[in-house]
S.K.: 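Before we start, here is the structure in question, set down as structure tokens.
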Amino acid sequence: MSADHSLALDDSAMQRGNHIWFALPPGFVEIPFGSLLAEPGSEEARRVIGAVRELLQIVPQEQHEAFLGQLSQAQGLLALLRKDGTVHCSLGAHGDDKGGVLQSVFTLTWRETPWTPRRISAVRAATARESASGIEMLDLPCGPGTIAETVVETPASVDPLQRSLYQATAYLPHPDGKRLAVLALGTTAVEAREHYRDMLRAIAHMVSFDNPLPEELREQIPESEVAASVRAVFG
């Protein structure tokens, strides 16, 4: 039996100046984390409200209060992530075998590095964290990479009922050898760690450092403001 698979194209894929393209499985909603601290009533604040409403349609009614509480706690963390080079954040909600919902957070962060051969850079990044385990080399369409995982015990003051956080991290060196794309997938559903590791591995296999869109779509990408101003002056 054949299945009909399709991809939804995000508006960001049609912008000039992109350095990386990737795809997420269903169940993820992008959070405009730079907008979480926006002034109430602003356009950015309305975007956040819209994204949260989408997620609340997936999360069971009885879990809404807890979900919104976790989102509120995440605001401070996301502000720190932005300062650390994070350029994308999505919240995931996926059903489990017991009829519940597993929640997760996916982030994409750029990390500047001295020029290093890509395979060596990927290994160094994965082994730099002492608590990392399950380190695996990846041969991806975009080049070499690594994946590692950690389980972090959180303070009781953060959440007395959920003390463990699982995170799978993929390190994909850019072809210029001077930076790493760090893809991280974290969840409190530690018992589902193999599922999330497989999910991150699949996401990493979809990453491209070259525009993968068909030529007819690339021709529709609007000209950047800088290019337009140069063309206006020099023709």
S.K.: Verify, without hydrogens or angle tests, whether Ser104 (side chain) and Thr187 (backbone) share a donor-acceptor contact under 3.5 angstrom.
M.R.: no
S.K.: Is any side-chain heavy atom of Pro173 less than 4.5 Å from a side-chain heavy atom of Ile120?
M.R.: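 No - every pair of side-chain heavy atoms lies 4.5 Å or more apart.
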S.K.: Quick one: OG1 on Thr107 to CG on Leu185, what's the gap to the nearest 0.5 Å?
M.R.: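 Output value for this atom pair is 8.5 Å.
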S.K.: Yes or no on side chain to side chain contact (heavy atoms under 4.5 Å, CB included) for Tyr171 and Arg111, after CA distance, side-chain angles and deciding distance?
M.R.: CA-CA 10 Å; Tyr171 303 92; Arg111 182 184 301 174; 4.1 Å; yes
S.K.: Using side chain to side chain contact (heavy atoms under 4.5 Å, CB included), reason through Gln103 and Leu91 one step at a time and then give a plain yes or no.
M.R.: CA-CA 7 Å; Gln103 300 174 17; Leu91 297 183; over 6 Å; no
S.K.: Do Arg193 and Val151 come close enough that some side-chain heavy atom pair is under 4.5 Å?
M.R.: yes
S.K.: Of all heavy-atom pairs between Cys142 and Leu172, which one has the smallest distance, and what is that distance?
M.R.: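 Result for this residue pair: SG-CD1, 4.3 Å.
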S.K.: About how many Å separate CZ of Arg119 and CG of Leu138, when rounded to the nearest 0.5 Å?
M.R.: 9.5 Å
S.K.: Are any of the side-chain heavy atoms of Leu183 and Val207 separated by less than 4.5 Å?
M.R.: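 Heavy-atom side-chain distance check passes, below 4.5 Å.
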S.K.: Counting only pairs under 3.5 Å, give me each side-chain donor-acceptor contact of residues 51-62, with atom names and distances, residues two or more places apart or in other chains.
M.R.:
none

S.K.: Mind checking what makes ring-ring contact (aromatic ring centres under 6.0 Å, His included) contact with Phe22, not counting sequence neighbours?
M.R.: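 Listed in chain order: His88, Phe106.
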S.K.: Would you call the rings of Phe209 and Trp110 parallel, tilted or perpendicular, where under 30° means parallel and over 60° means perpendicular?
M.R.: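 Plane angle between 30° and 60°, so tilted.
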S.K.: Minimum heavy-atom separation for Leu165 and Thr188, please, with both atom names.
M.R.: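 Shortest heavy-atom contact: CD1-N, 4.1 Å.
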S.K.: Just by distance, do the side chain of His94 and the backbone of Phe28 share a donor-acceptor pair under 3.5 Å?
M.R.: no
S.K.: If you compare all heavy atoms of Ala122 against all heavy atoms of Thr146, which two are closest, and at what distance to 0.1 Å?
M.R.: O-OG1, 2.8 Å
S.K.: Just jot down the side-chain hydrogen bond (donor to acceptor under 3.5 Å, both in side chains) partners of Asp210, sequence neighbours excluded, or say none.
M.R.: none
S.K.: Does any non-hydrogen side-chain atom of Arg197 lie less than 4.5 Å from one of Ile147?
M.R.: yes
S.K.: Just wondering, more than 12 heavy atoms not from Arg118 lying within 6.0 Å of its CZ?
M.R.: yes
S.K.: If you compare all heavy atoms of Leu200 against all heavy atoms of Ala168, which two are closest, and at what distance to 0.1 Å?
M.R.: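 In terms of heavy atoms, the two residues are closest at CD2-O, 3.1 Å.
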S.K.: For a side chain to side chain contact (heavy atoms under 4.5 Å, CB included) check, start with the C-alpha distance between Ser121 and Leu180, then their side-chain angles and the critical distance, and finish with the verdict.
M.R.: CA-CA 8 Å; Ser121 179; Leu180 283 165; 3.6 Å; yes
